[in-house]
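Inspection log for the structure reproduced underneath, given as structure tokens.
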Amino acid sequence: MKLPSCGTRPPPKSARCTPVSTSSTIDLHDLPLFDHHCHGVITKDVDRDEFEALISESSRPATEGTTRFDSQVGFQILANCAPLLDLPSFCTPEEYLARRTELGAAEVNKRLLRAANIAVYGIETGHDAGRINGPADMAEIADAHSCEIVRLERLAEQVIERVRDRADAGSAELLAEIERELDARLETAVGVKTIAAYRIGFDFEDARPAASELEASAARLLATSGSLRLDDPVMIRQLIWLAIDRACVIQVHVGYGDDDVDLHRCNPLLLTRLLRATVDSGARFTLLHCYPFHREAGYLADVFPHVYFDVGLGVNYTGSRSEAVIAESLELAPFGKILFSSDAWGASELYYLGAMLFRRGLTAALERFTQLDAWPREQSLGVARMIGYENAARLYGFDPLVRQAQ
Amino acid sequence: MKLPSCGTRPPPKSARCTPVSTSSTIDLHDLPLFDHHCHGVITKDVDRDEFEALISESSRPATEGTTRFDSQVGFQILANCAPLLDLPSFCTPEEYLARRTELGAAEVNKRLLRAANIAVYGIETGHDAGRINGPADMAEIADAHSCEIVRLERLAEQVIERVRDRADAGSAELLAEIERELDARLETAVGVKTIAAYRIGFDFEDARPAASELEASAARLLATSGSLRLDDPVMIRQLIWLAIDRACVIQVHVGYGDDDVDLHRCNPLLLTRLLRATVDSGARFTLLHCYPFHREAGYLADVFPHVYFDVGLGVNYTGSRSEAVIAESLELAPFGKILFSSDAWGASELYYLGAMLFRRGLTAALERFTQLDAWPREQSLGVARMIGYENAARLYGFDPLVRQAQ
Amino acid sequence: MKLPSCGTRPPPKSARCTPVSTSSTIDLHDLPLFDHHCHGVITKDVDRDEFEALISESSRPATEGTTRFDSQVGFQILANCAPLLDLPSFCTPEEYLARRTELGAAEVNKRLLRAANIAVYGIETGHDAGRINGPADMAEIADAHSCEIVRLERLAEQVIERVRDRADAGSAELLAEIERELDARLETAVGVKTIAAYRIGFDFEDARPAASELEASAARLLATSGSLRLDDPVMIRQLIWLAIDRACVIQVHVGYGDDDVDLHRCNPLLLTRLLRATVDSGARFTLLHCYPFHREAGYLADVFPHVYFDVGLGVNYTGSRSEAVIAESLELAPFGKILFSSDAWGASELYYLGAMLFRRGLTAALERFTQLDAWPREQSLGVARMIGYENAARLYGFDPLVRQAQ
């Protein structure tokens, strides 16, 4: 287990353009990657329906008469994951799944995660955590480093569920307990994540909640029963402002995702006022995925010094077309503000494809820029290292590769 | 006349990836196409002003000092339609129009429609039907099959105009008559279309109208006089819900179109709640054209099993750039959810260009995917057959090619 | 000084596709360019912080640990401007800035502006005019022609500041004085510009203000003190309608810009109703920059005969990726409705890059179209001449090249 203590943060170091000189063309196969936003993998074997559900953001089965394998991500699995399981490229889905079962989930996960060649996993632990493994196990399986990102809404749900059964618990206790829990988690976690996109959309009031609003919100939440799905706008704003006060790195789900998102309410431009209000707070925001609003995200990362973004999920799922999405992410934003993530959850195929497609798309873009504007090899590699690893290491204050080298 | 009876629907068959093996490269010239949304052609000769109006979505003449021929679609006509009229590529507009008149509309239509090599035309009959021909004539001219799509708003306008002159007609009679007329049309039509985009925008209330709302709406409409342009939000919602109750395929105009559209109110994401509410209704929605919101449409087709989309109109009109639009349509959506249409109206050039540019753009995309990820020829052709024909045949339950082969 | 009298407008001439035949491939190095929207250059030497601020739309310094040189525009400067200052391509930022100081601002401006090879500069004089030079100086430095565009909001601010100190000045005097000042400026200026995008967003009431609204607005503005930043929606609407009444060319900032813009309120589609209401007014609108809404702008330029657009600022700042943005601007809009601009301000690098990247991206697009659809060389060059120069010359009624040739 190589998991370093995530809470001990080395001092930020400035962006570097480290020249790497091994051959005469751009080769990013060994580019260190910091996957700053992903989740754990499922460690049990899955059947076909479960697997098809894992390779789609839809909560529904595939349309009658179709299969999830007939899609960009499905073709990627058959094209590029099959050989890692000793199968020919473009075997049938049935052959792929049979072989997956034959090898067993543990072996499949190990092969695919190690082939992904990701150096650091930033694991967000708040989504359906019971079904997947955690940061330490991920590091072990992948022979890599990992750190944790805390999902704010899940943290609050857990605290509320715990506090509401106590006889003496009022609003003030709940609010204090949420702060205590957040502080405790931030002892080791390197950042937080919000899914305000799913729960309330981005057209929310951006100001810090007033005390009276907060008290009413806490009282409402204490009066709930059963399994809680937090969608109270006041409490979600409060969680974001607690993270701002703590100068956290705040990951924000943006754009494309599950079908319970109202995508037009997840345009990151709707966050403009919040971003403007927090520019000097010390907090930093990373806009995740962003498809199809990645150009809008690039604009925000350009004009706001505390905003970063990635095209995560939009890479895996656009497959053979991901080179276009990656190229479009390299427009307005300074190279020091672009990050890599896979946003993979559950299926180890998604980590491998996220990393492989990202390396490939970035290589293609850099080669085109070199062709057009004679970018020197050192500069191309420097940009790749920033986006692939260094920006995240600096942002999260977590740089195990440097520590390892020392 | 090869028009089969559209009302008799064969049972849906599942999506296939039929291998087609004739040569070693991807050649889609003979790919069967199901143009699931287009209109009839004008059968009389047109002058220059009329022709320029036909090749633009603007209701206005070209800006002074410019001509509609100086555009992507204009250049396409000179480049690729001129040779079909025995003219050199890039003759002048004057030469093109003179030759068009010399040959006569009938001969021009026959040449261009047959060159389009479209197997099935899904003809939407509700737009300015007096100026163009109908499904049977289209099948005859093109030596192809056809079926009908009914425009909901036009159907309602016709019923209202008929009913409001009757002495005894009240709201209840009007509402019942609309249902009867819809049922009668669905005896033969394979689907319906709504132009809610033009008339009320997509930010409409998505719930089924209440009885009291409906009665008031019907009373308002009965009190109108003269030629009716239906833009009553309650009645348009009612029409959509009647189609949902009948588990219809509902074509929805989305995005780019005439200048009476407020394009920002035609973003398909605004339909999210309606789509979520109808996911188990049995109705299916096809989002038409979608430019510049085709990535948003692809997302909806991914997460909602009853949503399909095409980039129809955006192909003809972007001409030499249509390869980019087609490639962008091949990202999130499963291959079983993407359709082909030309959305052509009036000018036979638009059907030919729609089909030719679609085949060309799809070929280019598939060749790129093959280059990147070694898509086998069988898989590429299978995807092309799904998008070009099979998805629509399955969706509309109308598959004359299979019937022909039997 | 070659500045012609901008007020004397030659009669509009129709769009031409002038064949230019010198070689067998498309070469746009000598394509005449009418940069219809830019500003003056800074004539004093700048230090590193000032220079980094000039090459970004952000009002903030670069994020700690990063530099503005690590961006598309920064790499463009090192790649393509450095050689014009006798430096090797991709020298360091330090070397570049040292050489810039060594040569002095006057020499640097002269070299870069002359290398830009822009024939006509349309100079918008209302943004921070004290720091930059004016139209006549720009023409002198660049050995080119220039004309002036008046910023409406700045004009009103100046009039208000002047009028409010007069004892006798009431609302009526202020409103009349604004009209008089506008008429005086239009004696020589060729058009106006509005920054409603920044000040009020495009979701404003589009109707002409009522007299009572106007009087109240004027009274409010007369009651202000100190330096005025006009953001009164009524007065801004009034300025736009004054320009409409005068059948002006009205430049509208759209999309990407400084961080005081709420980008989602700057989607040009939000202007649809205003554009529809003014289609027969004689006024013409040019939508500036538009990124990332350039496809939306192309749609508006297609359906509304009085709407034009460019991708100005989005070219400089996307650098090696600008070919994609330029290609995307060549979709729906007729070729007679697309314009060129650099939107450069302050740094002469931005004019050079705007022109160079535009020529390069347009060449690439035309070569692709030629490859796909055999566009004849004459047609490609004709389209380039329209977009680069002729559309603007016709639109603004300002065509010094023709006058020169006569």
Side-chain angles (χ1 to χ4, degrees), chain A residues 12-17 202-203 267-273 275-276 279-280 284 292-308 324 327-337 365-366 368-376 378-380 382-383 386 390-391 394-395, chain C residues 52 55-80 83 88-92 255-267 291-294 313-325 328 353 356-357 360-361 364:
Chain A
K13 60 192 184 54
S14 60
R16 299 162 300 147
C17 258
F202 289 156
D203 39 1
N267 185 323
L269 297 178
L270 296 171
L271 296 169
T272 301
R273 285 198 308 169
L275 298 175
R276 203 177 282 138
V279 72
D280 292 319
R284 280 119 329 136
F293 307 118
H294 40 293
R295 281 174 158 171
E296 284 83 346
Y299 158 78
L300 293 170
D302 181 28
V303 297
F304 291 115
H306 64 324
V307 174
Y308 297 73
E328 288 165 356
S329 77
L330 300 169
E331 295 180 352
L332 290 191
F335 305 133
K337 308 295 283 304
L366 294 170
R368 179 68 183 150
F369 303 161
T370 297
Q371 190 182 358
L372 286 169
D373 291 305
W375 287 25
E378 287 69 24
Q379 261 70 13
S380 291
V383 168
M386 282 188 200
E390 294 171 358
N391 293 336
R394 186 178 75 251
L395 175 66
Chain C
E52 291 215 16
I55 62 167
S56 162
E57 288 292 297
S58 179
S59 64
R60 295 285 177 151
T63 304
E64 207 184 309
T66 72
T67 156
R68 290 281 170 198
F69 276 98
D70 281 339
S71 67
Q72 287 285 4
V73 69
F75 271 36
Q76 282 299 319
I77 290 168
L78 300 181
N80 297 311
S89 188
F90 280 97
C91 61
T92 66
Y256 172 51
D258 307 341
D259 54 19
D260 62 340
V261 83
D262 282 354
L263 192 55
H264 55 292
R265 297 175 60 214
C266 298
N267 185 324
Y291 183 97
F293 307 119
H294 40 294
L313 195 59
V315 171
N316 299 338
Y317 280 105
T318 58
S320 294
R321 276 287 298 167
S322 56
E323 58 175 5
V325 176
E328 288 165 356
L353 293 174
M356 183 277 286
L357 292 171
R360 189 173 83 180

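Here is the naming used below: chain letters follow the sequence lines, and residue numbers restart at 1 for every chain.
In this structure, Ser89(C) and Leu78(C) have side chains that are not in contact, with every pair of non-hydrogen atoms separated by 4.5 Å or more. Inter-residue side-chain proximity for Arg394(A) and Asn391(A) is flagged as met; some heavy-atom pair is nearer than 4.5 Å.
With a 4.5 Å cut-off on non-hydrogen atoms, Tyr308(A) touches chain C through its side chain but not through its backbone. Contact of Phe69(C) with chain A is not made at all, since no heavy-atom distance falls under 4.5 Å. For Ala327(A), the parts sitting under 4.5 Å from any heavy atom of chain C are the backbone and the side chain alike. Proximity to chain A is limited to the side chain of Arg68(C), based on heavy atoms less than 4.5 angstrom apart. Neither the backbone nor the side chain of Val73(C) comes within contact range of chain A; no heavy atom of the residue lies under 4.5 Å from a heavy atom of that chain. Residue Asn267(A) does not touch chain C at all, counting heavy-atom pairs closer than 4.5 Å. Heavy-atom distances place no part of Gln371(A) under 4.5 Å from chain C, backbone and side chain included. Contacts between Asp262(C) and chain A at a heavy-atom distance below 4.5 Å involve backbone atoms as well as side-chain atoms. Looking at Leu270(A), both its backbone and its side chain come within 4.5 Å of chain C, counting heavy atoms on both sides. Only the side chain of Tyr299(A) comes within less than 4.5 Å of a heavy atom of chain C; its backbone N, CA, C and O stay farther away.
Ranked by non-hydrogen atom pairs under 4.5 Å with chain C, the options Arg273(A), His306(A), Lys337(A) are led by Lys337(A). Between chain C and the options Leu275(A), Thr272(A), Asp373(A), Leu372(A), heavy-atom pairs under 4.5 Å are most frequent for Asp373(A). In terms of heavy-atom pairs under 4.5 angstrom with chain A, the leader among Ser58(C), Gly255(C), Ser56(C), Gly314(C) is Ser58(C). Each of Asp260(C), Asp259(C), Thr318(C) has some count of heavy-atom pairs under 4.5 Å with chain A, and the biggest count is that of Asp259(C).
His264(C) places a side-chain N or O within 3.5 Å of a backbone atom of Leu269(A) that can act as its donor or acceptor partner. Between the Thr63(C) side chain and the Thr66(C) main chain, no donor and acceptor come within less than 3.5 Å of each other.
With respect to the salt-bridge test (charged N to carboxylate O, under 4.0 angstrom), the residues Glu323(C) and Arg368(A) qualify. We find that Glu331(A) and Arg295(A) are joined by a salt bridge, their nearest charged nitrogen and carboxylate oxygen being less than 4.0 Å apart.
Taking all atoms of both residues into account, the shortest heavy-atom contact from Ala62(C) to Glu52(C) is CB-OE1, 4.2 Å. The two residues Pro61(C) and Pro305(A) have their closest heavy-atom pair at O-CB, 4.1 Å.
The six-membered or imidazole ring of Tyr256(C) lies away from that of Phe293(C), with a centre-to-centre distance of 6.0 Å or more.
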